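This report concerns only the one structure given below.
Bear in mind that the values here come from a model prediction, so they are computed numbers and not experimental data.
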Amino acid sequence: MIKETYDVIIVGGGFGGIYHLIHLRNLGLKCKLIEAESDLGGTWYWNTYPGARVDSEIPIYEFTLPELWKGWTWSEKFPGWQELQAYFAYVDDKLNLHKDCRFNSRVTHTHWDDQLHVWHLACDGKDGIYKAAARHLIMCMGFASKPYTPKLKGLETFQGEWSHTARWPKEGIKTSGKRVGVIGTGASGVQVIQEIGRHVEHLTVFQRTPNLATPMSQYRVSEQVQVHFKPVYEDIYRKLPTTFSSLPFDWIPRLMMEDSEEEREATFQTLWNRGGFHFWLANYQDLLRDKASNDAAYAFWRKKVSERIKDPKNRELLAPSVAPHPFGCKRPSQELHFYEVFNQDNVDLVDISLNPILEITPKGVKTKEKEYELDVLILATGFDTYTGAFMDLDLRGLNGETIQDHWRERTTTYLGMTIDNFPNLYFVHGPQGPAPCNAPTCVEIQGSWVIQTIEYLRQHGITKFTPTSHAALTYKRHIDSLFNATLFPLTKSSHNGANVAEKEGEACNYFGGVSVYKQEILEEIERGYPGFQREALRMARL
């Protein structure tokens, strides 16, 4: 059993954990990054299912440190999982991160000590129990680290191979020439379906809600092209925090209905041709706020997608005449040839909203109407997002209050980075942070705030730093107001927790835009942290 003390303990080895480790080490702080798996990468340690790739285009899905981007080039506009893993290995090697990391260590409990003003943490791993203490604790678990598997009766009886996409086995699963079933058509579902659809014997897709996917417009990018554009990378990175969604483009600054129908159609087509998230997040500024504008965008989307689907029944299921929800209020996936897969004779599409799954049998999936025999079953059922990973922890703050009790009635944070009643605890890219947001940019905006704050506390001898309940409730009302001013409440999604059957719906994100969010959190610093209580402990050095 090891006992160690640190200035900061960081939980999680993805973009968030790495960012904090780099910058806190540079301040001279003693840090330890703890990761449950055997290597860095966060979600990209596990996201290795067929077709897995990021939907943020280069060069924005990487760290903005010049010593990193100047020496790295990608091979595709939207990199796949193999290249993303190679990128994390490059970052690790370049900055020698491993020496301050502990792998194969899953956190079992984190308890606040109000006498010493430290967090006590315990991990269970291959080397036994590991214990440590730190003044500050930073949770970098990401918003989607806990896979969600719906209650499927009989899943354990299935005699073929099965896996959740978020826990794809390292040795892979053979799908070529097999009868494969995929439950779910979210981002991972779209990617795995279009990848394996070309070589399976038969594919059965179980869909609850159609994915309003847009074209990815993928292509290879040479090293020479990237070298040519690298002189403007810093300009791109400076722009990201100034836009609504931290992408290198922003809303059209006018209302949709101010344009004529012909002008709207031409604009839609231009955005569609650009691919990626342009049709979603470079559209008219009222797309996510005005129902008539949203309906117009959906009508265009449906027209474009319907042209690609031959069978009328499948066309109505995949691109229904009545929108299943406002366009863009569930994150649209980006696809390469997803819709063409359903033109194949060996592919069946099952609408489980009308023909629900009753149980998983030893032979396959049994719905209300029939049983589908399968060799492989893939669960593309997403994540228990934002709060899920927290609720699995034995995390205890002041007076031993657990996070489960604290969030029993409602989720409260302050600024989407701290939690009332849990001193010296921070997190990034989690509950009540900005969305939509490019993950590395979100990490750098929030992480910079956390690092500035920890340095401020150190310089002022403050050892206990806790957001007030009043500040947290005020922030909660603020994000609820922003949420209710959009069309997002009309959609069951991860943005309100409704993608998980056991959750009560509530706003999970800040919908005022990344640029405004950044201004608000910087104002907290400029005003001297009015939302926090602070204490200094005598002889406080660890």
Side-chain angles (χ1 to χ4, degrees), residues 1-12 17 20-21 23-34 100 102 107-123 129-140 390 393-403 405-407 412-428 430 446-473 475 521 524-542:
M1 184 181 295
I2 303 171
K3 295 182 179 178
E4 298 178 350
T5 58
Y6 296 93
D7 296 310
V8 185
I9 288 178
I10 304 159
V11 178
H20 286 89
L21 181 59
H23 291 278
L24 290 169
R25 284 196 322 188
N26 289 344
L27 290 176
L29 295 176
K30 184 182 179 185
C31 306
K32 177 68 77 173
L33 186 153
I34 297 176
D100 293 309
R102 181 179 179 85
V107 175
T108 55
H109 75 251
T110 51
H111 296 174
W112 172 254
D113 184 333
D114 205 38
Q115 289 187 329
L116 298 178
H117 289 185
V118 298
W119 283 98
H120 294 289
L121 177 144
C123 302
I129 297 173
Y130 168 82
K131 290 189 175 182
R135 176 78 64 221
H136 302 280
L137 178 63
I138 307 176
M139 309 302 286
C140 297
F390 281 93
L393 292 173
D394 180 7
L395 175 61
R396 304 189 185 203
L398 291 171
N399 302 314
E401 184 185 36
T402 66
I403 192 66
D405 285 340
H406 191 64
W407 283 352
T412 54
T413 76
Y414 186 46
L415 305 178
M417 292 182 287
T418 63
I419 306 173
D420 53 310
N421 219 45
F422 289 77
N424 298 8
L425 183 144
Y426 318 86
F427 62 90
V428 295
Q446 294 186 307
S448 175
W449 187 94
V450 171
I451 291 160
Q452 286 183 65
T453 298
I454 289 175
E455 179 65 0
Y456 169 88
L457 299 177
R458 186 171 65 146
Q459 290 177 357
H460 289 79
I462 298 168
T463 56
K464 181 180 176 182
F465 189 65
T466 318
T468 67
S469 295
H470 175 73
L473 288 172
Y475 183 73
I521 65 173
E524 181 72 21
I525 295 177
E526 292 165 1
R527 295 168 58 207
Y529 299 97
F532 291 84
Q533 294 176 329
R534 63 208 78 186
E535 294 180 26
L537 192 68
R538 289 185 179 181
M539 303 297 292
R541 193 169 185 83
L542 284 174

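When side chains are defined from C-beta on, His136 does not count as touching Asp7, because their heavy atoms never get closer than 4.5 Å. With contacts defined as side-chain heavy-atom distances shorter than 4.5 Å, the pair Phe427/Gln446 does not qualify. Between Phe422 and Leu137 the shortest side-chain heavy-atom distance does not fall below 4.5 Å. A heavy-atom distance below 4.5 Å is found between the side chains of Lys30 and Tyr6. Looking at Val428 and Trp449, their side chains never come closer than 4.5 Å, going by heavy atoms from C-beta outward. In this structure the side chain of Ile454 never reaches within 4.5 angstrom of the side chain of Leu27, judged on heavy atoms. The shortest side-chain heavy-atom distance between Leu21 and Cys31 falls under the 4.5 Å cut-off. Residues Leu425 and Trp112 are not in side-chain contact: their nearest non-hydrogen atoms beyond the backbone lie 4.5 Å or more apart.
To the nearest 0.5 angstrom, Asp100 atom CG is 11.0 Å from Leu24 atom CG. Rounded to the nearest 0.5 Å, atoms CD1 (Ile34) and CZ (Arg102) are 7.5 Å apart. The CG atom of Asn421 sits 6.5 Å away from atom CG of Asn399, with the distance rounded to the nearest 0.5 Å. The structure places CG of Leu393 at 6.0 Å from OG1 of Thr110, a figure rounded to the nearest 0.5 Å. Between the NE2 atom of His117 and the CD atom of Glu535 there is a distance of 4.5 Å, given to the nearest 0.5 Å.
Among residues two or more places apart in sequence or in another chain, the side-chain contact (heavy atoms from CB on, under 4.5 Å) test is passed with Thr412 by His406, Trp407, Arg410, Asp420, Ala472, Leu473. Scanning for side chain to side chain donor-acceptor pair (under 3.5 Å) contacts around His120 gives Asp113, with sequence neighbours left out. Considering only residues two or more places apart in sequence or on other chains, Asp405 meets the side-chain contact (heavy atoms from CB on, under 4.5 Å) condition with Glu401, Thr402, Arg408. Arg534 meets the side-chain contact (heavy atoms from CB on, under 4.5 Å) test with Tyr456, Ile462, Phe465, Tyr529, Phe532; sequence neighbours excluded. Residues satisfying the side chain to side chain donor-acceptor pair (under 3.5 Å) test with Thr418, not counting sequence neighbours, are none. With sequence neighbours excluded, the residues forming a side-chain contact (heavy atoms from CB on, under 4.5 Å) with Asp394 are His109, His111, Arg396, listed by chain and number.
Summarising the geometry of Thr463 relative to Asn424, their closest heavy-atom pair is O-ND2, 2.8 Å, with the distance given to 0.1 Å. Scanning all heavy atoms of the two residues, the minimum distance from Ala536 to Gly461 falls at CB-O, 3.2 Å. Nearest heavy atoms, Cys140 versus His20: SG-ND1, 3.7 Å. Heavy atoms only, all atoms of each residue included: Ile419 and Phe390 are closest at CD1-CE2, 4.3 Å. Nearest heavy atom pair, residue Ile10 against residue Gly17, reads CG2-CA, 3.6 Å. The shortest heavy-atom contact between Ala471 and Gly531 is CB-O, 3.6 Å.
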For Ile521 and Gln452: C-alpha separation, side-chain torsions, deciding distance, then whether side-chain contact (heavy atoms from CB on, under 4.5 Å) applies. CA-CA 11 Å; Ile521 65 173; Gln452 286 183 65; over 6 Å; no
Apply side-chain contact (heavy atoms from CB on, under 4.5 Å) to residues Val11 and Leu121 and explain how you reach the verdict. CA-CA 10 Å; Val11 178; Leu121 177 144; 4.2 Å; yes
Does Val450 form a side-chain contact (heavy atoms from CB on, under 4.5 Å) with Met417? I'd like the steps, not just the answer. CA-CA 8 Å; Val450 171; Met417 292 182 287; 4.3 Å; yes
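When the shell of 6.0 Å around CG of Asn26 is examined, it contains more than 12 heavy atoms from other residues, nucleotides or ligands.
The closest donor-acceptor contact from the side chain of Trp119 to the backbone of Ala132 lies at 3.5 Å or more, if one exists at all.
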